[in-house]
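As the structure lists them, so they are numbered: ligands from 1, and atoms in each ligand from 1. One-based numbering along the sequence shown. Just so it is clear, the model here is predicted, and its values are computed rather than measured.
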Amino acid sequence: MSYQDEANCYVGSFPKDFSYGPFEQNGDGDNTSLQEDRKPRILLMGLRRSGKSSIQKVVFHKMSPNETLFLESTNKIVKDDINNSSFVQFQIWDFPGQIDFFDPSFESESIFGGCGALVFVIDAQDDYQDALDKLQMTVTKAYRVNNNIKFEVFIHKVDGLNDDYKMESQRDIHHRATDDLAEAGLEHVHLSFHLTSIYDHSIFEAFSKVVQKLIPQLPTLENLLNILISNSGIEKAFLFDVVSKIYIATDSSPVDMQSYELCCDMIDVVIDISCIYGMVDETEANTFNNQSSSLIKLNNGTVLYLREVNKFLALVCILREENFQKQGVIDYNFLCFRDAITQVFELRNKCQNAMALSRATSGTPEPLPNGAADSVESTSDRSQVQLP
Ligand SMILES: Nc1nc2c(ncn2[C@@H]2O[C@H](COP(=O)(O)OP(=O)(O)OP(=O)(O)O)[C@@H](O)[C@H]2O)c(=O)[nH]1
């Protein structure tokens, strides 16, 4: 089986969680629209000018941060399909800052019902009391409709703040937001906080964490990465979605921002070089393919090693130069790793296809072929609504 075939294996129907592979390859128009409707949603909310549209444009549309200065205010919900070009597939809904939950036209059931994560953006350069009030209102409203939502608070625009003030703001916002929730009787609701800016990699890192929480196979991917690094003398390994530079998994050692930035930069280098020198045919859109790999030796004795996993995913490893002498072992272990990942998603595909088939024939879901019903999936699947 070629690598391209392997990538195509991931195509399938994924009713609730992340889908793997472009829908267009499915070749079934009706099925495609069904899948589009069932894609998990990430909602971007927050006050006006807090930076929601900028985040979406920078992370998923390669807009340079400076260009966001010219973005116009959003005045209706903007739905953005993150698919086709990327391994990770979902929808991002960008809300206007002035949204009014008490407006009768605000369909909270359908908006929050199928939502996987709600990202609330707070402008840390501004007075954030109003934002905290809005956060409390938003969480209360959303949690009542769907208690499976992951709530993520981005303390945003921290590029303008010094380190002490950043930490102080985070502590203060954390404290006040959790107090507000406790007052509303929602002390059990968990909020995750991230310090972010579009002017550095923090926004990509934060989005990686949001996306990871919605990938049901994450523990398996982490385990596979742990096995790979411990048997190959690798210090840190990231599994990247190449297009968005979101890492969908890493091994269980702590992530330090510098390592992540190095790996992101390496992906940029590989893509740039591939675009300049790797294009066989002028019409070729994606030059990152099964032949892609790269090795960069830094002058501090560290090696960065990139291998493609499939059309959308790359493994980027950081290791000491002396450990790279056994490159054969690393390469062999990588092939085992890639096989294992393929199997994980093939199994996932089979389960999803079986569920889709049983739905089509009987109208009610049947147990998964391996007998392991995915409770999270079925719960959320029930709450999944058709898009307006
Ligand atoms: N310094 C700094 N400015 C940012 C950052 N992110 C966004 N901005 C700026 O914030 C302003 C508002 O950004 P938008 O993305 O339009 O904000 P929004 O939340 O979508 O605004 P509405 O559509 O009105 O709700 C723009 O001028 C951006 O350039 C950041 O990380 N740091």
Side-chain angles (χ1 to χ4, degrees), residues 41-82 90-103 105-106 108 111-112 115 117-139 141-142 151-170 172-174 177 191-211 244-246 257 260-261 264-265:
R41 268 173 240 164
I42 296 179
L43 310 185
L44 273 176
M45 292 186 157
L47 294 187
R48 292 190 65 175
R49 311 305 288 160
S50 54
K52 303 176 289 296
S53 311
S54 309
I55 292 173
Q56 185 216 3
K57 297 281 182 199
V58 169
V59 177
F60 297 104
H61 296 278
K62 305 270 165 238
M63 184 179 269
S64 84
N66 288 330
E67 283 176 71
T68 63
L69 289 168
F70 309 106
L71 282 177
E72 288 188 6
S73 203
T74 316
N75 48 27
K76 60 179 174 32
I77 301 174
V78 177
K79 297 169 187 170
D80 187 13
D81 268 326
I82 309 300
F90 50 90
Q91 286 195 331
I92 294 197
W93 289 18
D94 181 9
F95 282 73
Q98 69 278 14
I99 198 137
D100 178 7
F101 294 129
F102 299 103
D103 186 326
S105 65
F106 184 84
S108 49
I111 287 172
F112 296 125
C115 162
L118 191 157
V119 175
F120 193 91
V121 184
I122 296 179
D123 181 348
Q125 292 187 9
D126 202 5
D127 175 19
Y128 42 73
Q129 184 52 51
D130 287 351
L132 288 172
D133 294 344
K134 187 83 175 185
L135 171 66
Q136 187 214 33
M137 205 189 299
T138 308
V139 172
K141 191 95 184 167
F151 294 102
E152 311 284 338
V153 181
F154 284 8
I155 303 169
H156 192 52
K157 304 193 190 177
V158 291
D159 48 275
L161 313 179
N162 68 36
D163 282 350
D164 287 347
Y165 190 74
K166 260 188 223 175
M167 299 323 291
E168 184 49 43
S169 307
Q170 181 171 18
D172 188 40
I173 290 176
H174 187 153
L191 304 178
S192 304
F193 295 86
H194 312 262
L195 291 167
T196 56
S197 164
I198 53 170
Y199 288 96
D200 57 33
H201 288 81
S202 57
I203 194 63
F204 292 92
E205 217 225 338
F207 237 104
S208 301
K209 289 186 175 150
V210 172
V211 167
S244 61
K245 281 188 286 172
I246 277 178
M257 199 61 180
Y260 175 62
E261 284 176 18
C264 284
D265 290 347

Looking only at heavy atoms of S50, does any of them come nearer than 4.0 Å to an atom of ligand 1? yes
Polar proximity ligand 1 side, [X] side, N/O cut 3.5 Å exclusive:
X    : answer
E72  : no
I198 : yes
T196 : no
T74  : yes
G51  : yes
K52  : yes

Return the [atom1] to [atom2] distance between [X] and [Y], rounded to the nearest 0.5 Å.
X    : Y    : atom1 : atom2 : value
D159 : L195 : CG    : CG    : 11.5 Å
R41  : D81  : CZ    : CG    : 11.0 Å
E168 : I173 : CD    : CD1   : 10.5 Å
F151 : L43  : CZ    : CG    : 9.5 Å
Q91  : C115 : CD    : SG    : 11.0 Å
I92  : K79  : CD1   : NZ    : 14.0 Å

Mark yes or no for whether [X], through its side chain, and [Y], through its backbone, hold a donor-acceptor pair below 3.5 Å.
X    : Y    : result
S202 : S197 : yes
K57  : T68  : no
K52  : L47  : yes

For ligand 1, which part of Q98 has a heavy atom less than 4.0 Å away: the side chain, the backbone, both, or neither? neither
Taking atom NZ of K76 as the centre, report whether more than 12 heavy atoms of other residues, nucleotides or ligands fall under 6.0 Å from it. no
What atoms of ligand 1 come closer than 4.0 angstrom to any heavy atom of [X]?
X    : result
S73  : 22 (P), 23 (O), 24 (O)
Q125 : 1 (N)
S197 : 31 (O)
R48  : 24 (O), 25 (O)
D159 : 1 (N), 2 (C), 30 (C), 31 (O), 32 (N)
L69  : 27 (O), 29 (O)
T68  : 26 (C), 27 (O), 28 (C), 29 (O)
G97  : 25 (O)

Nearest protein heavy atom with distance in Å, relative to [atom]:
atom                    : value
atom 20 (O) of ligand 1 : S53 OG, 2.7 Å
atom 6 (N) of ligand 1  : H156 NE2, 2.9 Å
atom 3 (N) of ligand 1  : K157 CD, 3.7 Å
atom 15 (O) of ligand 1 : S54 OG, 2.5 Å

Regarding atom 16 (O) of ligand 1: of the candidates K57, E67, R49, which has the closest heavy atom? R49
Indicate the ring-plane relationship of F193 and H174, choosing parallel, tilted or perpendicular according to the 30° and 60° boundaries. parallel
Which heavy atom in R49 sits nearest to a heavy atom in D123, and how many Å separate them? O-OD2, 4.0 Å
Residues D126, K157; criterion side chain to side chain contact (heavy atoms under 4.5 Å, CB included); working and verdict: CA-CA 9 Å; D126 202 5; K157 304 193 190 177; over 6 Å; no
